Engineer: 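One structure, as structure tokens, below. Some questions next.
Letters go in sequence order (proteins before strands), and every chain restarts at 1. Quick caveat: nothing in here was measured; it's all calculated off a predicted structure. Computation of the quantities below employed the complete heavy-atom set of this structure, encompassing side-chain atoms and omitting hydrogens, waters and symmetry-equivalent molecules.
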Amino acid sequence: MSIEYVPVSEGEQEEPIELPTEEDGSLLLSTVAAQFAGASGLKYRAGGRLRGLRLVDERLSPPAEGWAAHRYWCAFPRSSPSPTPRPRCSDLIVLGLPWKTGEDAVREYFAAFGDLLMVQVKRDAKTGLSKGFGFIKFAEYEAQLRALGRRHMIDGRWCDVRIPNGKDGGASAHRKVFVGRCTENLTAEDLREYFAAFGQVTDVFVPRPFRAFSFVTFLDPEVAQSLCGQDHIIKGVSVNISTASPKRERGGGGARGSQLLGWGLVEAGGGAARVFNWAGDAWPQQPPHSAATPHPALDKPYLKYE
DNA sequence: GTTGAGCGTT
């Protein structure tokens, strides 16, 4: 038997593509799938009825009357009830809320990103004063993606939306990379813009004062992992990317005493001036909440900056 | 000058 060409289309209405048979007169399913990805068989119309082609060992057999008597189109697997289980929304933490901002304002702000299932502003149990952070949950994952993809100006302050620690099985470690050999002119915005080409960036951390490294967190852990070990040139600077090791798992003591900035540091005096010596970048590492806008309950002196 | 701020009374 010689090779002949069989007209096959994706659906009954579409334009056919002619596919070659094998020497034995069969048509390989792989030949069909090469043109129609995911096809699982072929069917045709015989009289008024639909008929399916016999398929054995990946070979489609012609109908008794031969290939030329019909034209054929593809059968596809019945789409499973949940073809691609969409990622589910998680609670999101909103950091850096102004003290005055309550649930209503948070809800009103984030409603622009999508329907909200939950809004919380965390408050001190005794005083009822805001702790400066809260939690939200969207109904749609797309809304969550939109909110994670940028920073947020709420009641006059830049706020960050992140996937909370502890949820997500602590997977944030796998979503984050350490960017070494940074120079001082590499801003958080530069990094976000550069790394966005590899996948959605959910967080950029650039220590202040300058420390020659940064952290970039991606939505997809595979993106983060794929970058590890590489050198990249950003704005002419060759940076090195490696895994972000958990905060505490690194030895050495040194300047570790100043971990708890914030209220306590204010009264520490000496080093404070340097600590608050940030520059106004586009992706500002905002001044510590308490120093920039003292909590109304704070009656202690705090360090002002200009 | 290569490892980070802050994380939920249920």
Engineer: Counting distance alone, no hydrogens or angles: does the base of B:dG1 have a donor or acceptor under 3.5 Å from a partner atom on the side chain of A:R181?
Structural biologist: no
Engineer: Looking for any heavy atom pair under 4.0 Å, which part of the strands does A:S242 touch: base, sugar-phosphate only, or nothing?
Structural biologist: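 Base, at least one base atom sits under 4.0 Å.
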Engineer: Where along residues 113-120 of chain A does a heavy atom fall under 4.0 Å from DNA chain B?
Structural biologist: A:M118, A:Q120
Engineer: Just say parallel, tilted or perpendicular for the rings of A:F138 and A:F110, cut-offs at 30° and 60°.
Structural biologist: perpendicular
Engineer: Decide if the gap between the ring center of A:F198 and the ring center of A:F218 is smaller than 6.0 angstrom.
Structural biologist: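 When the ring centroids of A:F198 and A:F218 are compared, they turn out to be at least 6.0 Å apart.
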Engineer: Check for me: is A:F213 stacked on B:dT2 by the 5.5 Å centroid and 30° plane-angle rule?
Structural biologist: no
Engineer: With the criterion set at under 5.5 Å between ring centres and under 30 degrees between planes, would B:dG4 be stacked on A:F215?
Structural biologist: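 Stacked: centres under 5.5 Å apart, planes under 30°.
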Engineer: Is the A:Y44 to A:W73 ring centre distance short of 6.0 Å?
Structural biologist: no
Engineer: Under 4.0 angstrom, heavy atoms only, what part of the nucleic acid is A:G96 near: base, sugar-phosphate, or nothing?
Structural biologist: base
Engineer: Any N or O donor-acceptor pair under 3.5 Å from the base of B:dG4 to the side chain of A:K176?
Structural biologist: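 Such a pair is found, so the answer is yes.
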Engineer: Listed by chain and number, what are the side chain to side chain contact (heavy atoms under 4.5 Å, CB included) partners of A:P16, not counting sequence neighbours?
Structural biologist: A:P7, A:S9, A:R71
Engineer: Please work out whether the ring planes of A:Y109 and A:F113 are parallel, tilted or perpendicular, with thresholds of 30° and 60°.
Structural biologist: tilted
Engineer: Within the structure, does a side-chain N or O atom of A:K122 lie under 4.0 Å from either OP1 or OP2 of B:dT9?
Structural biologist: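 It does, given that an N or O in the side chain of A:K122 lies less than 4.0 Å from OP1 or OP2 of B:dT9.
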Engineer: With the stacking rule set at 5.5 Å and 30°, tell me whether A:F133 counts as stacking on B:dG8.
Structural biologist: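 It does not: the ring fails the test against the base of B:dG8.
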Engineer: Name all residues meeting the side chain to side chain contact (heavy atoms under 4.5 Å, CB included) criterion together with A:R162; count only those two or more places apart in sequence or in a different chain, and write none if there are none.
Structural biologist: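 Result, side chain to side chain contact (heavy atoms under 4.5 Å, CB included) vs A:R162: A:I93, A:L95, A:D160, A:D203.
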Engineer: Let me know the distance between CH2 of A:W99 and P of B:dG6, rounded to the nearest Å.
Structural biologist: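 Distance, rounded to whole Å: 14 Å.
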Engineer: Syn or anti for B:dG4, taking syn as within 90° of 0?
Structural biologist: syn
Engineer: Can you find a side chain N or O atom of A:R211 that sits less than 4.0 Å from OP1 or OP2 on B:dG4?
Structural biologist: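 Yes, A:R211 has a side-chain N/O under 4.0 Å of OP1/OP2 on B:dG4.
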Engineer: Quick one: sort the A:F213 and A:F178 rings into parallel, tilted or perpendicular, breaks at 30° and 60°.
Structural biologist: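 Parallel.
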